Structure formats: C-alpha cells, structure tokens
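Data block below; observations after.
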Amino acid sequence: MAATIIPDSPILSRVGFPKRADDKFIIAERYAGNPWPDEGPEADAIATARKGYEAGEVELAQRREGRMEYQYAIPRKKPGTKRPGYFETKQ
C-alpha cells in the first residue's frame with residue numbers, strides 16, 4: 001500500500017512550515033483541536049491507511065508542530081502484526 005501524499009500542501013505553505021524529507025508520508029493535516037477530515041481525499045487516505053494498519057502493512061504516527069498536527073502512514077518493509085478490527089473497537 002502506498003501512502004497518499006499531500007503535494008505542496010496549502011496549509012503547510014500558508015502557515016509557513018518548511019517541507020522535510022519525512023513529509024512524503026503525510027496523509028492528512030489539521031489545526032490542533034479540530035477533528036481529522038471525514039470527507040475528501042484526506043479522509044480517503046486515512047481510511048486506506050487504517051486498513052493497511054489493520055493488515056500490518058503500515059504504521060501510523062502523528063506529529064504536532066505549533067498549531068498543526070500531521071498524520072503519517074509509513075509503509076513497513078515487512079508485514080507486521082495483523083490487527084483485524086482495531087479501529088472498529090476504538091469508536
């Protein structure tokens with residue numbers, strides 16, 4: 001599974017954060033305190049990443065920088081522990 005990349009993110013550039021090498025794994029971004037998007041391409045990327053996480057193909061991580069929060073989907077080199085139904089039990 002390939003991570004969906006946010007090319008030249010308008011929020012990143014508007015707030016003035018520089019792009020870094022690890023930013024290629026960002027699948028969604030938000031202002032702190034706001035919910036993650038539930039529609040649009042970022043929501044689709046989050047849903048895909050959750051499926052990959054449950055299948056053991058992707059690791060998910062978050063980073064906060066100032067008032068921005070970023071969701072990462074980092075592909076694993078080797079499939080890891082499968083976590084079927086992980087996100088259904090968290091809702």
Side-chain angles (χ1 to χ4, degrees):
M1 182 190 113
T4 304
I5 301 166
I6 303 173
D8 301 322
S9 165
I11 294 177
L12 281 175
S13 58
R14 186 172 59 235
V15 177
F17 291 118
K19 294 283 272 182
R20 293 191 294 256
D22 62 349
D23 287 350
K24 67 183 178 181
F25 298 117
I26 292 176
I27 58 169
E29 58 189 20
R30 68 178 178 181
Y31 287 108
N34 291 329
W36 290 107
D38 58 357
E39 39 182 62
E42 289 183 346
D44 295 340
I46 291 172
T48 302
R50 285 180 170 184
K51 289 177 186 169
Y53 180 79
E54 290 179 345
E57 300 168 353
V58 172
E59 288 299 321
L60 297 176
Q62 295 179 3
R63 170 176 64 101
R64 182 172 179 167
E65 188 170 314
R67 51 187 234 192
M68 294 299 299
E69 293 180 341
Y70 305 95
Q71 177 72 49
Y72 288 83
I74 304 167
R76 295 179 57 95
K77 291 182 181 179
K78 297 179 192 175
T81 303
K82 295 185 190 238
R83 305 166 185 101
Y86 180 82
F87 288 101
E88 283 86 31
T89 62
K90 303 297 179 192
Q91 296 179 8

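Quick note: numbers below take in every heavy atom, side chains included, and nothing from hydrogens, waters or symmetry partners. Keep in mind it's a predicted model, so treat the numbers as computed, not measured.
In this structure, R83 forms a cation-pi arrangement with Y53, its terminal cationic atom sitting closer than 6.0 Å to the ring centre and no more than 45° off the ring axis.
I74 contributes atom CD1, which lies 10.0 Å from atom NZ of K24 (distance to the nearest 0.5 angstrom). Rounding to the nearest 0.5 Å gives a distance of 6.5 Å between CZ of F87 and CD of E54. Taken from CD in E57 to NZ in K78, the straight-line distance is 16.0 Å, to the nearest 0.5 Å.
The two residues A43 and P37 come nearest to each other via the heavy atoms CB-O, 3.5 Å.
Applying the side-chain hydrogen bond (donor to acceptor under 3.5 Å, both in side chains) criterion to E69, with sequence neighbours excluded, gives R30. Annotation: side-chain contact (heavy atoms from CB on, under 4.5 Å) contacts of Q71 (sequence neighbours excluded): I27, A28, W36, L60, Q62. Under the side-chain hydrogen bond (donor to acceptor under 3.5 Å, both in side chains) criterion, R76 pairs with E59, sequence neighbours left out.
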